[in-house]
Amino acid sequence: MDFKYLTELMNSLSQRGIPGGDIVVYRDHEELYRYTVSTPDNTSGMKLHGNELYFMYSCSKVITCTAALQLFSQGKFLMRDPISSVLPEFRDIRVRCGAYTVEPNREITFRDLFTMTSGLSYNLTSAYLQNVGERTGGRSPLCDVVRGIAKMPLDFHPGEQFGYGLSHDVLARAVEVISGMSFEEYAKKNIFTPCGMIESTFRFNSAIAEKMATQYRFNDKTGRAEQIPLTNMYVLGSEYESGGAGLISSVRDYILFADALACGGVAATGEQILSGHMIDMMRTNCLNENQLAEFAAQWHCYDGYGYGFGVRTMMDTSVGNPGPYGEFGWHGAAGSYVLIDPENHLSLFYAQHMLNNQEEYVLPRIKHCLYGTHQA
């Protein structure tokens, strides 16, 4: 493969105000390409060297859904099972209807959580969640936060619409209850260690902070990236292991996970973290026509995609989106992006650390440059 176009794209990021990025491509457990770039005149932050840690934000979701699918594959639950079967606090959920709330048409199921059709919102400022932080002295353990989430009225009846929200944080808590481990412990034992990921964690501390890339936010008015503190607004407390947005990882770690899913669930270590059948289910579109329209309205960078079990999934190349049917992955708020292609055993991971990340420009171009030169 010729990675000339990817290199040119990476070198052009500074023209968009992006202070740097790191990208890697694997096929069949082998690294084909790695390139790290920093803006030469960036004096406010640290230059990237390729060994930094990043807030993965919503790239966490692919890890979380993989963890839950491992338990699903062991018969621990069915997709149609109500989530209240393991989290009884969800038995008394309500749905917002104007100024009132009403009973839901049915309970939230595991499938609803995976596919973002649960009705749960991303209202991080909810009084129910704020109260958890106050009551626990800022710790906000996952179990307490999820109890708070269960008190928040749903935006719609379960299964009726697509709505990006806290579903995967709840799914992480379900993993804890079913497995009897903390979410961090479960992920380390069943995903991180089998894949050889030695730098990934859901817990932030001072030692982690020393290894992290400088974080920025792009200012639309000035056209420049401005350095911001190393905080993650989606992590609601010191003990909150957020399945939706709490992962901290590196490019060299995350690609090992992506490579495993691209190779039938088998990691470079030889460990099987998920079966090929589970991966095929994961990357099958689960949304109906109306829900697909809601998905497309929110994610303009994903023309031709549907949404499966926690991931975008390629459905239609006729809109000018190259790559094979069933290529899948997701992205994060600061610009992380994972592409997984089981047909070609190909995977790509890209990281930058800038909120207001210009994903609609960057992410499709990364994919186009990859498939513009890749020969199946």
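Quick caveat: nothing in here was measured; it's all calculated off a predicted structure. Residue numbers count from 1 along this sequence.
Side-chain polar atoms of Glu226 and Asn219 form a donor-acceptor pair below 3.5 angstrom. Defined by atom type and a distance below 3.5 Å, a donor-acceptor pair is missing between the side-chain atoms of Gln291 and Thr117. A side-chain donor-acceptor contact under 3.5 Å links Asp112 and Thr109. Residues Asp316 and Asn321 have side chains that never bring a donor and an acceptor to within less than 3.5 angstrom of each other. Side-chain N/O atoms of Thr7 and Lys4 include no donor and acceptor closer than 3.5 Å. For the residue pair Ser167 and Asp169, no side-chain donor N or O sits within less than 3.5 Å of a side-chain acceptor on the partner. No donor-acceptor contact under 3.5 angstrom links the side chains of Asp144 and Thr136, judged on distance only. Side-chain contact, Gln352 with Asp22: no donor N or O sits under 3.5 Å from an acceptor N or O. Looking only at atom types and distance, the side chain of Tyr33 has no donor-acceptor partner in the side chain of Glu31 under 3.5 Å away.
Cation-pi geometry between Arg365 and Tyr361 is satisfied (NZ or CZ under 6.0 Å from the ring centre, within 45° of the ring normal).
In Glu8, the CD atom is crowded: over 12 heavy atoms of neighbouring residues, nucleotides or ligands sit closer than 6.0 Å. The number of heavy-atom neighbours closer than 6.0 Å to OH of Tyr164, taken from other residues, nucleotides and ligands shown, is above 12. In this structure, Tyr234 places its OH atom where only 12 or fewer heavy-atom neighbours from other residues, nucleotides or ligands lie under 6.0 Å away. Atom CD of Gln74 has more than 12 heavy atoms from other residues, nucleotides or ligands within 6.0 Å.
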Take Tyr57 and Asn232 through the side-chain contact (heavy atoms from CB on, under 4.5 Å) test and state the conclusion after the steps. CA-CA 8 Å; Tyr57 291 102; Asn232 180 343; 3.2 Å; yes

Intermediate values then yes/no, side-chain contact (heavy atoms from CB on, under 4.5 Å), Leu355 and Asn357: CA-CA 5 Å; Leu355 297 172; Asn357 60 47; over 6 Å; no

Derivation and outcome, side-chain contact (heavy atoms from CB on, under 4.5 Å), residues Asp28 and Glu30: CA-CA 6 Å; Asp28 286 319; Glu30 293 187 8; 5.6 Å; no

Go through Phe183 and Tyr186 one step at a time and tell me if the ring-ring contact (aromatic ring centres under 6.0 Å, His included) criterion holds. CA-CA 5 Å; Phe183 188 60; Tyr186 182 91; 7.3 Å; no

Given the rule in the side-chain contact (heavy atoms from CB on, under 4.5 Å) test, do Val37 and Leu48 qualify, once you have shown the distances and angles that lead to the verdict? CA-CA 7 Å; Val37 60; Leu48 296 178; over 6 Å; no

Tell me, with the steps shown, if Thr214 and Gln227 meet side-chain hydrogen bond (donor to acceptor under 3.5 Å, both in side chains). CA-CA 7 Å; Thr214 304; Gln227 187 175 346; 4.8 Å; no

Apply side-chain hydrogen bond (donor to acceptor under 3.5 Å, both in side chains) to the pair Lys61 and Ser58, showing each step before the final yes or no. CA-CA 5 Å; Lys61 291 176 168 66; Ser58 285; 2.8 Å; yes

Stepwise side-chain hydrogen bond (donor to acceptor under 3.5 Å, both in side chains) check, Asn105 with Glu160: CA-CA 10 Å; Asn105 291 339; Glu160 290 192 354; 3.0 Å; yes

May I have the step-by-step check of side-chain hydrogen bond (donor to acceptor under 3.5 Å, both in side chains) for Tyr305 and Asn285, ending in yes or no? CA-CA 8 Å; Tyr305 283 95; Asn285 173 59; over 6 Å; no

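The nearest pair of heavy atoms linking Val338 to Ala258 is CG2-CB, 3.6 Å. In plain terms, the two heavy atoms of Phe202 and Gly243 that are nearest each other are CE2-CA, 4.4 Å. Smallest separation of non-hydrogen atoms from Asn344 and Pro324: ND2-CG, 4.0 Å. When all heavy atoms of Ala267 and Ala260 are compared, the closest pair comes out as CA-CB, 3.7 Å. Closest heavy-atom contact between Thr231 and Gln215: O-NE2, 3.1 Å. Between Met197 and Ile191 the shortest heavy-atom distance is SD-O, 4.3 Å.
A salt bridge is defined here as a Lys NZ or Arg NE, NH1 or NH2 lying under 4.0 Å from an Asp or Glu carboxylate O, and Lys367 with Asp341 fails to meet this definition. Taking the charged nitrogens against the carboxylate oxygens, Glu327 and Arg283 have no contact shorter than 4.0 Å, which rules out a salt bridge. A salt bridge between Glu241 and Arg203 is present, with a side-chain N of the basic residue lying under 4.0 Å from a carboxylate O of the acidic one. Here Lys188 does not pair with Glu185 in a salt bridge; the nearest charged N to carboxylate O distance is not below 4.0 Å. Of the charged side-chain nitrogens involved, at least one lies within less than 4.0 Å of a carboxylate oxygen, so that Glu199 and Arg252 count as a salt-bridged pair. The existence of a salt bridge linking Arg111 and Asp81 is excluded, since no basic side-chain nitrogen approaches an acidic carboxylate oxygen closer than 4.0 Å.
Between the side chain of Arg94 and the backbone N or O of Thr101 there is at least one donor-acceptor pair closer than 3.5 Å. Distance alone, capped at 3.5 Å, is enough to place a donor-acceptor pair between the Ser73 side chain and the Gln70 backbone. In terms of modelled atom types and a separation under 3.5 Å, the side chain of Glu239 and the main chain of Ser140 share no donor-acceptor contact. Under a 3.5 Å cut-off, the side chain of Ser336 and the backbone N or O of Met56 do form a donor-acceptor pair.
Rounded to the nearest 0.5 angstrom, Met10 CE and Phe3 CZ are separated by 12.5 Å. Taking NZ of Lys76 as the reference point, atom OG of Ser85 lies at 13.5 Å (rounded to 0.5 Å). Atoms OG1 and CE, from Thr115 and Met79 in turn, are 9.0 Å apart once rounded to the nearest 0.5 Å. The OG atom of Ser84 lies 3.5 Å from the CD atom of Glu107; values are rounded to the nearest 0.5 Å. For the atom pair OG1 (Thr201) and CD1 (Ile248), the distance works out to 6.0 Å, reported to the nearest 0.5 Å. Between Ser200 atom OG and Glu184 atom CD the span is 9.5 Å, to the nearest 0.5 Å.
You'll find the ring centres of Tyr54 and His353 inside the 6.0 Å limit. For Phe349 and Tyr254, the ring centers sit closer than 6.0 Å to each other. Centroid-to-centroid, the aromatic rings of Phe162 and Tyr307 come within less than 6.0 Å.
Side-chain heavy atoms closer than 4.5 Å link hydrophobic residues (I, L, V, M, F, W, Y) into clusters, and following such links, even through other members, never connects Leu78 to Leu71. When hydrophobic clusters are built by joining Ile, Leu, Val, Met, Phe, Trp and Tyr residues whose side-chain heavy atoms come closer than 4.5 Å, directly or via intermediates, Leu124 is grouped together with Ile149. Leu274 and Val266 fall into different hydrophobic clusters, defined by Ile, Leu, Val, Met, Phe, Trp and Tyr side-chain heavy atoms under 4.5 Å apart, directly or through other members.
Trp330 and Trp299 have perpendicular rings, their planes meeting at more than 60° on a 0 to 90° scale where under 30° would count as parallel. In this pair, Phe309 and Phe114 present their aromatic rings perpendicular. The plane angle is above 60°, beyond the 30 to 60° band.
Contact check for Ile63 versus Phe257: side-chain heavy atoms found under the 4.5 Å cut-off.
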